[in-house]
*Asks:* 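The structure's right below; bear with me while I get my questions together.
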Amino acid sequence: MHTFQVKTTAHSCAVDITDRIEAALAENSARDGLCLIYVPHTTAAVTINEGADKNVMDDVLKALDTLVPWQAGYKHAEGNSAAHIKAILTGGSVQAIVEAGKLALGTWQRVFLLEFDGPRTRKVFVQIMNR
Ligand code: ZN
């Protein structure tokens, strides 16, 4: 398993981690197979979506804020229930096909770490399964 850290810089943000994952693939001489990308956190998530236009992820984060307001009479004493809920909605892991040592992503796709209660230092686990 390969691990790397991401320092997020805002309370809520999307960090493009595609290059970090492809570096892990190169470091492990991955060729063809499958890659599991997992974040061991309860208030962060990982997703694959558009990276060509930065406004897309800004819109996604804004829509999540509307769906899950920060204050809504939650019971959790830490006060960050909205971040937990957003992490559940978006998911803690994604899989991607690896082809010739690269992620087989679509033209506009990138892999993002989603921060919902930052800024913090987050870990990303990458498990590579070669064919
Ligand atoms: Zn909490």
Side-chain angles (χ1 to χ4, degrees):
M1 185 179 78
H2 186 94
T3 305
F4 62 85
Q5 294 195 333
V6 176
K7 281 195 171 122
T8 62
T9 56
H11 186 243
S12 188
C13 58
V15 182
D16 187 335
I17 55 170
T18 313
D19 292 343
R20 304 285 299 273
I21 295 158
E22 290 198 327
L25 295 175
E27 203 175 297
N28 290 278
S29 306
R31 295 301 305 159
D32 299 298
L34 199 62
C35 178
L36 177 74
I37 302 137
Y38 174 87
V39 287
H41 300 289
T42 61
T43 57
V46 64
T47 197
I48 298 175
N49 211 285
E50 165 148 358
D53 179 0
K54 185 196 169 293
N55 289 332
V56 172
M57 292 316 292
D58 286 349
D59 288 345
V60 168
L61 294 171
K62 191 176 167 203
L64 286 169
D65 282 340
T66 305
L67 282 172
V68 189
W70 192 255
Q71 303 277 354
Y74 305 116
K75 292 163 76 176
H76 180 39
E78 195 187 6
N80 64 351
S81 278
H84 290 288
I85 295 164
K86 289 178 193 174
I88 289 169
L89 290 175
T90 49
S93 70
V94 291
Q95 302 167 65
I97 294 167
V98 178
E99 219 171 43
K102 297 272 183 195
L103 297 172
L105 297 173
T107 306
W108 312 114
Q109 287 183 315
R110 304 288 287 179
V111 185
F112 293 94
L113 174 110
L114 300 175
E115 173 64 80
F116 298 123
D117 195 18
R120 295 186 193 220
T121 300
R122 299 297 196 173
K123 279 184 206 148
V124 179
F125 294 166
V126 180
Q127 180 69 57
I128 302 155
M129 290 151 274
N130 283 305
R131 185 159 55 91

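Order of appearance sets the numbers: ligands from 1, and atoms from 1 within every ligand.
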*Asks:* side-chain hydrogen bond (donor to acceptor under 3.5 Å, both in side chains) with Asp65: which residues, sequence neighbours excluded?
*Replies:*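 Residues passing side-chain hydrogen bond (donor to acceptor under 3.5 Å, both in side chains) with Asp65: Lys86.
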
*Asks:* What is the number of protein N, O or S atoms that sit under 2.8 Å away from the Zn ion (ligand 1)?
*Replies:*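 N, O or S atoms of the protein closer than 2.8 Å: 4.
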
*Asks:* Any carboxylate oxygen within less than 4.0 angstrom of a Lys/Arg side-chain nitrogen, looking at Lys54 and Asp58?
*Replies:*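 Looking at Asp58 together with Lys54, the answer is yes, because their closest N to O distance falls below 4.0 Å.
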
*Asks:* Do NZ/NE/NH1/NH2 and the carboxylate oxygens of Arg110 and Glu50 come within less than 4.0 Å?
*Replies:*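 Looking at Glu50 together with Arg110, the answer is no, because their closest N to O distance does not fall below 4.0 Å.
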
*Asks:* How about Thr18 and Asp16: does a side-chain donor come under 3.5 Å of a side-chain acceptor?
*Replies:*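 Judged by distance alone, the side chains do pair up.
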
*Asks:* Does Ser81 reach the main-chain N or O of Tyr74 with its side chain, forming a donor-acceptor pair under 3.5 Å?
*Replies:*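 Checked: no pair found.
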
*Asks:* Do any N or O atoms from the side chain of His41 and from the backbone of Lys123 form a donor-acceptor pair under 3.5 angstrom?
*Replies:*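 Yes; at least one donor-acceptor contact below 3.5 Å.
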
